[in-house]
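Side-chain atoms are counted along with the backbone in the values below, which use heavy atoms only and exclude waters and symmetry mates.
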Amino acid sequence: MTTTPLTVVKCGGNPAVDAAGICADIARLVLEGHSILLVHGGSGEIARLAGKLGVPQRALVAPDNVSTRYTDAATLEVVVLALAGSVKPKLVAELSRHNVPAVGLTGMDGGMLRARRKSVIRSVVDGRTVLVRDNHSGRLTTVRAELPQTLLRAGYVPVVSPPAIDEHDQPVNVDADRAAAALAAALGADQLLLLTGAPGVLADPDDPTSVQRTHYVAPTGPPDPSATGGMALKLIAAREALTGGVGTVRIADGRIPDPVSQALAGVGTTVSIAHAGASAHS
């Protein structure tokens, strides 16, 4: 843990998310005395780079309707290049431009994020459940918090992304939202803010004004069926962070001015775990 309350911020990879605005807001807060760790994805940059290199992209949709990136060997290379070689340096440079020292890390650095590679993934294709065996993705098993703790205590902003390192000491793709949740829990963070290309969790996915102030996620099992794709994974990550002891988890808009400050002030959707027998939504 750090000596001041810690906030973990996840900057979504949706191209609509204002990464520069997030960095500027983080810089203001850090200079005011806040302790912040930034986790990032890079779906937009991964898609752009994959297209440029001619690497086909596809999603795997699990039977519970949760969608994840299919990561074959070529896509794993694209993921590493996009996150560590493009997105992360830009975020570090942007923070530095605002006089905040930042250090870019992947989950492999210092063995920070350990994962077990998924030998088999179930995916629904044309209405049938098939088994996918050549996927280089993993499920997080261990977080070593010493490295980010040391950096935070020294006044740096750690900027973290996948990949993690697997049981054979090889890179493996992991979901960035769940990585942020795991880091927040391991570091004893007070808050986890998942900033994305939506105003929060929507009661009606087709109505951007239907933001839920609070969303209750079931203690186990899949999230609300109305949440699909990336939002479903964010709700799973939120539950994992709350279960791990994080005080507050909020899913909020990363496209608006001062997105971190606004999320800290309560804008977006606060996620809570539903009590047994309660309805698992707002």
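- Arg114 and Thr141 share no side-chain donor-acceptor pair at under 3.5 Å.
- In this structure, the side chain of Asp166 engages the main chain of Gln170 through a donor-acceptor pair within 3.5 Å.
- Both Val39 and Leu242 are assigned to one and the same hydrophobic cluster, defined by single-linkage of ILVMFWY side chains at heavy-atom distances under 4.5 Å.
- With a 4.5 Å cut-off on side-chain heavy atoms, Arg58 and Leu60 count as touching.
- Minimum heavy-atom separation, Pro5 to Asp190: CA-OD1, 3.1 Å.
- In the model, Thr71 has a side-chain atom that pairs as donor or acceptor with a side-chain atom of Asn173 under 3.5 Å.
- Atoms CZ and CG, on Arg144 and Asp109 in that order, are 12.0 Å from each other to the nearest 0.5 Å.
- In terms of modelled atom types and a separation under 3.5 Å, the side chain of Arg255 and the main chain of Gly197 share a donor-acceptor contact.
- Between the CG atom of Leu37 and the OG1 atom of Thr7 there is a distance of 10.5 Å, given to the nearest 0.5 Å.
- No salt bridge links Arg117 with Glu167; every basic N to acidic carboxylate O contact stays at or beyond 4.0 Å.
- Ile273 places none of its side-chain heavy atoms less than 4.5 Å from the side chain of Tyr216.
- A distance of 6.5 Å separates CG in Leu152 from CG in Leu187, rounded to the nearest 0.5 Å.
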Q: Please test His34 against Thr4 for side-chain contact (heavy atoms from CB on, under 4.5 Å), starting from the C-alpha separation and ending with a verdict.
A: CA-CA 7 Å; His34 289 252; Thr4 57; over 6 Å; no
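- In this structure, the side chains of Leu194 and Thr196 stay at 4.5 Å or more apart for every pair of heavy atoms.
- Atoms CG and CD, from Leu264 and Gln191 in turn, are 5.0 Å apart once rounded to the nearest 0.5 Å.
- At least one donor-acceptor pair closer than 3.5 Å links the side chain of Arg239 to the backbone N or O of Ala218.
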Q. Yes or no on side-chain contact (heavy atoms from CB on, under 4.5 Å) for Leu202 and Val211, after CA distance, side-chain angles and deciding distance?
A. CA-CA 5 Å; Leu202 304 178; Val211 180; 3.8 Å; yes
Taking only distance into account, with no hydrogens and no angle test, what donor-acceptor pairs under 3.5 Å do side-chain atoms of residues 75-86 form with protein atoms, sequence neighbours excluded?
unit_1	atom_1	unit_2	atom_2	d
Thr75	OG1	Gln57	NE2	3.2
Thr75	OG1	Asp72	OD1	2.8
Ser86	OG	Glu45	OE2	3.2

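- You'll find the side chain of Leu195 stays beyond 4.5 Å of the side chain of Cys11, heavy atoms only.
- Sorted by first then second residue, the salt bridge (Lys or Arg N to Asp or Glu O under 4.0 Å) pairs that include residues 7-19, not counting sequence neighbours, are Lys10-Asp177.
- With rounding to the nearest 0.5 angstrom, the CD atom of Glu240 is 8.5 Å from the CG atom of Asp175.
- Side chain of Arg122 to backbone of Leu131: no donor-acceptor contact under 3.5 angstrom is found.
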Q: Please test Leu105 against Met112 for side-chain contact (heavy atoms from CB on, under 4.5 Å), starting from the C-alpha separation and ending with a verdict.
A: CA-CA 9 Å; Leu105 303 166; Met112 181 170 40; 4.0 Å; yes
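- Between Val271 and Ile251 there is a side-chain heavy-atom pair separated by less than 4.5 Å.
- Residue-environment remark: CZ (Arg116) stays at or below the threshold of 12 foreign heavy atoms within 6.0 Å.
- Nearest heavy-atom pair across Asn14 and Ser43 is N-OG, 3.5 Å.
- The shortest distance between side-chain heavy atoms of Leu192 and Thr248 does not fall below 4.5 Å.
- The shortest heavy-atom contact between His40 and Pro162 is O-CD, 3.8 Å.
- Taking 4.5 Å as the limit, some side-chain heavy atom of Thr106 sits within range of a side-chain heavy atom of Lys88.
- We find the CG-CD distance between Leu38 and Glu94 to be 11.5 Å, quoted to the nearest 0.5 Å.
- Between Arg28 and Asp258 there is a salt bridge, since at least one side-chain N of the basic residue sits less than 4.0 Å from a carboxylate O of the acidic one.
- In terms of heavy-atom proximity, Pro208 sits nearest to Pro199 at O-CG, 3.4 Å.
- The nearest pair of heavy atoms linking Met231 to Gly200 is CE-O, 3.5 Å.
- For the pair Pro171 and Met108, the tightest heavy-atom approach, listed with the atom from each and the gap, is CB-SD, 3.5 Å.
- With Ser96 contributing its side chain and Val92 its backbone, the two residues share no donor-acceptor pair below 3.5 Å.
- Within the 4.5 Å cutoff, the side chain of Thr129 has no heavy atoms near those of the Ser123 side chain.
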Q. Are Ile165 and Val172 close enough, and set up right, to give a side-chain contact (heavy atoms from CB on, under 4.5 Å), and what steps lead you there?
A. CA-CA 6 Å; Ile165 186 167; Val172 62; over 6 Å; no
